[in-house]
There are 2 protein chains.
Amino acid sequence: MNIGDVSTRTGLPAKTIRYYEDIDLIKPLRDDNGYRRFRDQDVHKLNFLGRARALGFTIEDCRTLLALYEDETRASADVKRVARDHLAQIETKIADLKAMRDTLSHLVDACAGDDRPDCPILQDLGGKS
Amino acid sequence: MNIGDVSTRTGLPAKTIRYYEDIDLIKPLRDDNGYRRFRDQDVHKLNFLGRARALGFTIEDCRTLLALYEDETRASADVKRVARDHLAQIETKIADLKAMRDTLSHLVDACAGDDRPDCPILQDLGGKS
DNA sequence: TCTTGACCTTCCGGTCACTGGAACCCCCAT
DNA sequence: ATGGGGGTTCCAGTGACCGGAAGGTCAAGA
């Protein structure tokens, strides 16, 4: 299978697939003409990566998870730790964003949004004190 | 005031302040020795920028907001639009992160986290079907 | 047979908002 | 004179790609 087919199948852009090869996440074969030739295992790995990335894991996490996936003797505790740490980061991000949202939505609500210059949003940013 | 003092006062790293000058968000004066000399208005702008960045506005948004801040004839509607758009993006991000969190926390809960290899997290990523 | 167009290749630069580090200058106290 | 703690510029790197240029390959149609 060529990169275009793999791209269609996995939903990953060809650019991304090449990038993943570049950083040694996958190692497709090469045809005589230099084209990448993807085996089923490559496609499988790419799907794995796509799902892991969709869950927000970093590329380095993905590398770790992929290694664990391929290691029959892994301990699920190792997988769980990676996932739990990532989950914690997500929770933190959500909390940060919520704080921003709360502040912002108050400000947006307080702003008349007409053609006059008075604006509580700018007042706040300017250090309204 | 030199950059170190401004950094202390605003809580922004000196590197960041130099960067903001680089991209023309602020224009501090220069002393004869080449040192930046910050006026109160520069510090004020930096505080504005710090607060706007803390609310997650992009640098370009900050530039826009700063321009509106300085424009006595602005319409608050313009400010509100920027803020509302940004708020929408935050909401989207929160929703995305929540979806990730929900999926992930289910998986983490389902994983034994012991020394055995069986792991629902990897099963899911591998396309458990 | 030639050509068209859809593929594929590599490589370089850009994104965003900084951050780290090197190499250097300046000023004040000892 | 020396040392230390400022300051300066410039270059490179971050993460996870994306866009585009310049060129090679292949199958189908005129």
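Naming: A, B, ... by sequence-line order, numbering from 1 per chain. All values reported here derive from a predicted model rather than from experimental measurement.
In this structure, B:R30 reaches the D:dT9 phosphate: one of its side-chain N or O atoms is under 4.0 Å from OP1 or OP2. Side-chain N/O atoms of B:N33 include none lying less than 4.0 angstrom from OP1 or OP2 on C:dC25. Dashed line: the shortest gap from a side-chain N or O of B:R18 to OP1 or OP2 of C:dA17 is not under 4.0 Å. Phosphate proximity of D:dA16 to A:T16: absent, as no side-chain N or O sits under 4.0 Å from OP1 or OP2. Between B:R36 and D:dG7 there is no side-chain polar atom (N or O) within less than 4.0 angstrom of OP1 or OP2. In this structure, A:R53 reaches the D:dC17 phosphate: one of its side-chain N or O atoms is under 4.0 Å from OP1 or OP2.
The distance from atom CZ of A:R63 to atom P of D:dG15 is 11 Å, rounded to the nearest whole Å. One interatomic measurement links the two molecules: CZ of B:R37 to C1' of C:dC27, which rounds to 17 Å at whole-angstrom precision. Atom OH of B:Y19 is separated from atom C1' of D:dT14 by 13 Å (rounded to the nearest Å). Whole-Å rounding puts the B:D22 CG to D:dC11 P distance at 12 Å. Across the protein-nucleic acid pair, B:I23 atom CD1 and C:dC18 atom C1' stand 9 Å apart, rounded to whole Å. Distance, A:I26 CD1 to D:dA16 C1': 15 Å, rounded to whole Å. The distance from atom CD of A:E60 to atom P of D:dG15 is 8 Å, rounded to the nearest whole Å. We find that CG of A:D5 is positioned 12 Å from C1' of C:dA6, with the value rounded to whole Å.
Set against C:dC18, C:dC8, D:dG6, the side chain of B:Y35 has D:dG6 as its closest nucleotide. Distance from the side chain of A:I59 is smallest for D:dA16 among the nucleotides C:dT9, D:dA16, C:dC18. When distances are taken from the side chain of A:I3 to each of C:dC8, D:dC17, C:dA17, the shortest belongs to C:dC8. When distances are taken from the side chain of A:Y20 to each of D:dC17, C:dA17, D:dC18, the shortest belongs to D:dC17.
B:F57 comes within contact range of no nucleotide atom at all, as no heavy-atom separation falls under 4.0 Å.
Inter-residue side-chain proximity for A:I23 and A:R63 is flagged as met; some heavy-atom pair is nearer than 4.5 Å. The side-chain heavy atoms of B:V82 and B:F57, taken from C-beta on, include a pair separated by under 4.5 Å.
Cluster membership check: B:L55 shares its hydrophobic cluster with A:I94, using side-chain heavy-atom separations under 4.5 Å among Ile, Leu, Val, Met, Phe, Trp and Tyr.
Between B:N2 and B:K15, it is B:N2 whose nearest contact on DNA chain D lies nearer the 5' terminus.
Heavy-atom contacts from other residues, nucleotides or ligands closer than 6.0 Å to CZ of A:R39 number more than 12.
Salt-bridge formation is not detected for the pair B:K45/B:D42: no Lys NZ or Arg NE/NH1/NH2 atom is positioned less than 4.0 Å from an Asp or Glu carboxylate oxygen.
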